[in-house]
Amino acid sequence: MMEAGKITKSTLNEAQDNYRNAVNAGLLKILSKMGISLLSSYAGAQIFEAIGISEEVINTSFKGTTSRVGGISLEEIASEVITMRPEVADAKMKLVNYGYYKPVPALGEYHANSADLARLLHNAIGLNKKVSAATNRDELENDGVEPASVANYEIFKKSLEEAPLANIRDLLDFESDRESIPLEEVEPAEEIMKRFCTGAMSLGALSREAHETLAIAVNRVGGKSNSGEGGEDTIRGKPIADVDEKGRSPTFPHLAGLKNGDSANSYIHQVASGRFGVTPEFLVTAKQIEIKMAQGAKPGEGGQLPGPKVSDYIAGLRA
């Protein structure tokens with residue numbers, strides 16, 4: 001790889017130090033997410049289960065770890081390592097199959113979340129990814145959003161049903177000892193959707209447009225959106241009342257398809273100890289407050305945002 005110019009040249013000792021530092025940084029990053037304070041507390045803690053690893057590998061390297069479904073053997077691991085070595089690809093110093101690392105069509109492993117599957121879903125709901133505020137959206141009827149298509153949704157559904165096995169749940173099916181109840185006895189969709197909650201994703205982890213659109217959509221169906229830890233703009237605490245006939249609002253000029261009476265206010269406002277974005281307005285506009293008693297007592301870091309993603313707008317909310 002060094003000879004091919006793919007990585008910076010270094011001595012054997014430097015390469016080993018780099019590898020050791022990378023492994024340490026990665027391990028510490030993952031360990032910090034588990035909420036266990038002491039490194040010694042991880043020794044023999046058995047805080048995880050193995051998925052897709054054979055009993056042979058478990059007994060050799062992870063003795064005592066639960067592995068319910070079996071999986072890959074030491075021989076198969078060795079074979080994969082060998083096939084991934086760049087020199088087996090005609091010494092071209094390239095990965096044998098990039099599709100094992102990225103969802104490249106027709107290469108590597110099947111990815112449950114792929115561009116092809118996303119495209120099918122976009123077609124079903126009438127979303128044209130080529131249309132945006134930066135192109136010709138303002139000139140198109142209904143902002144370029146086409147009517148939802150049942151036929152396209154059936155294609156999307158069929159592609160899911162016929163997809164290769166990728167998750168444990170793909171091996172499961174319903175087996176009931178009773179007849180299905182009449183559809184009339186099932187709760188209406190409107191009542192079921194009231195129990196829908198979004199994940200807590202902060203503004204910054206999501207773009208402003210995505211964060212506000214999620215809140216508006218979930219509010220429309222009666223569910224509960226969650227602000228995450230990044231705070232929220234005070235203008236989101238009031239219903240949107242300045243929407244024109246094209247579904248645009250001067251208050252939210254970056255959004256489209258709005259209706260008067262829409263609310264961009266998250267139902268649940270999240271508060272964590274010693275965190276940012278918690279103002280009197282943030283608290284009083286919440287319908288439900290989610291409080292974390294100890295920031296480190298959960299799997300996740302919460303609110304961490306790389307510097308390049310911090311815009312003036314996000315910094316103002318997190319001040």
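For reference, positions follow the sequence shown, starting with 1.
Atom CD1 of residue Ile53 and atom CG of residue Leu74 lie 10.0 Å apart, to the nearest 0.5 angstrom. For the atom pair Ile314 CD1 and Leu203 CG, the distance stands at 5.0 Å (nearest 0.5 Å). The distance from atom OG1 of Thr66 to atom CD1 of Ile58, rounded to the nearest 0.5 Å, is 8.5 Å. Taking CG from Leu117 and CG from Leu160, the interatomic distance works out to 5.0 Å, rounded to the nearest 0.5 Å. The line from CE of Met201 to CG of Leu206 is 5.0 Å long, rounded to the nearest 0.5 Å.
Looking at heavy atoms from C-beta onward, Ile268 lies out of side-chain contact with Ile289 at the 4.5 angstrom threshold. Between Asn152 and Ile125 there is no side-chain heavy-atom pair separated by less than 4.5 Å. Side-chain contact between Leu214 and Ser225 is absent, with no heavy-atom pair separated by less than 4.5 Å.
Nearest heavy atom pair, residue Lys63 against residue Gln46, reads O-NE2, 3.4 Å. In terms of heavy atoms, Ala264 sits closest to Glu232 at O-OE1, 4.4 Å. Pairing each heavy atom of Asp262 with each of Arg220, the nearest pair is OD2-NH2, 2.7 Å. When all heavy atoms are compared, the tightest approach of Glu212 to Leu255 is OE1-CD1, 3.6 Å.
Considering only residues two or more places apart in sequence or on other chains, Tyr313 meets the side chain to side chain donor-acceptor pair (under 3.5 Å) condition with Arg208, Asp233. Phe282 is linked by a ring pair (Phe, Tyr, Trp, His ring centres under 6.0 Å) to His269, counting only residues two or more places apart in sequence or in another chain. When the side chain to side chain contact (heavy atoms under 4.5 Å, CB included) test is applied to Ile192, the partners found at least two apart in sequence or on another chain are Glu187, Arg195, Phe196. Residues satisfying the side chain to side chain contact (heavy atoms under 4.5 Å, CB included) criterion with Glu175, sequence neighbours excluded, are absent altogether. For Ser73, the side chain to side chain contact (heavy atoms under 4.5 Å, CB included) partners at least two apart in sequence or on another chain are Ser54, Glu56, Glu75, Glu76. Residues passing the side chain to side chain donor-acceptor pair (under 3.5 Å) test with Asn226 are Glu290, sequence neighbours excluded. Applying the side chain to side chain contact (heavy atoms under 4.5 Å, CB included) rule to Val221 yields the partners Met193; only residues at least two apart in sequence or on another chain are considered. Residues satisfying the side chain to side chain donor-acceptor pair (under 3.5 Å) test with Lys259, not counting sequence neighbours, are none. Residues passing the side chain to side chain donor-acceptor pair (under 3.5 Å) test with Glu185: none are found, sequence neighbours excluded.
Cluster annotation: Ile291 is connected to Val278 through the hydrophobic network of ILVMFWY side chains, with a link wherever side-chain heavy atoms come within less than 4.5 Å. Residues Ile216 and Ile235 fall within the same hydrophobic cluster, defined by Ile, Leu, Val, Met, Phe, Trp and Tyr side chains chained together at heavy-atom separations under 4.5 Å. The hydrophobic clustering, which links ILVMFWY residues whose side-chain heavy atoms are closer than 4.5 Å, places Phe174 and Leu172 apart. No continuous path of hydrophobic side-chain contacts links Ile72 to Val69 [ILVMFWY only; heavy atoms under 4.5 Å].
Sequence neighbours left out, the pairs with a member in residues 154-174 that pass side-chain hydrogen bond (donor to acceptor under 3.5 Å, both in side chains) are Lys158-Glu162. Pairs of residues two or more places apart, or lying in two chains, that qualify as side-chain hydrogen bond (donor to acceptor under 3.5 Å, both in side chains) and include a residue from residues 117-127 are Asp116-Arg119.
Residues Arg236 and Ser263 have side chains that never bring a donor and an acceptor to within less than 3.5 angstrom of each other.
A donor-acceptor pair under 3.5 Å is formed between the side chain of Thr65 and the backbone N or O of Phe62. In this structure, the side chain of Asn265 engages the main chain of Thr285 through a donor-acceptor pair within 3.5 Å. The closest donor-acceptor contact from the side chain of Ser227 to the backbone of Gln270 lies under 3.5 Å. Looking at Gln16, its side chain never comes within 3.5 Å of a backbone N or O of Asn13 through a donor-acceptor pair.
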Return a table of donor-acceptor pairs under 3.5 angstrom between the side chains of residues 242-249 and protein atoms on other chains or two or more places apart.
residue, atom, partner, partner atom, Å
Asp242, OD1, Ser249, OG, 2.6
Asp242, OD2, Thr251, N, 3.3
Asp242, OD2, Thr251, OG1, 2.6
Asp244, OD1, Lys246, N, 2.9
Asp244, OD1, Gly247, N, 3.1
Asp244, OD1, Arg248, N, 2.9
Lys246, NZ, Asp138, O, 2.8
Arg248, NH1, Asp138, OD1, 2.9
Arg248, NH2, Asp138, OD1, 3.0
Arg248, NH2, Asp143, OD1, 2.3
Ser249, OG, Thr251, N, 3.1
Ser249, OG, Phe252, N, 3.3

Derivation of the side chain to side chain contact (heavy atoms under 4.5 Å, CB included) call for Ser202 and Arg318: CA-CA 11 Å; Ser202 64; Arg318 294 190 172 206; 3.2 Å; yes

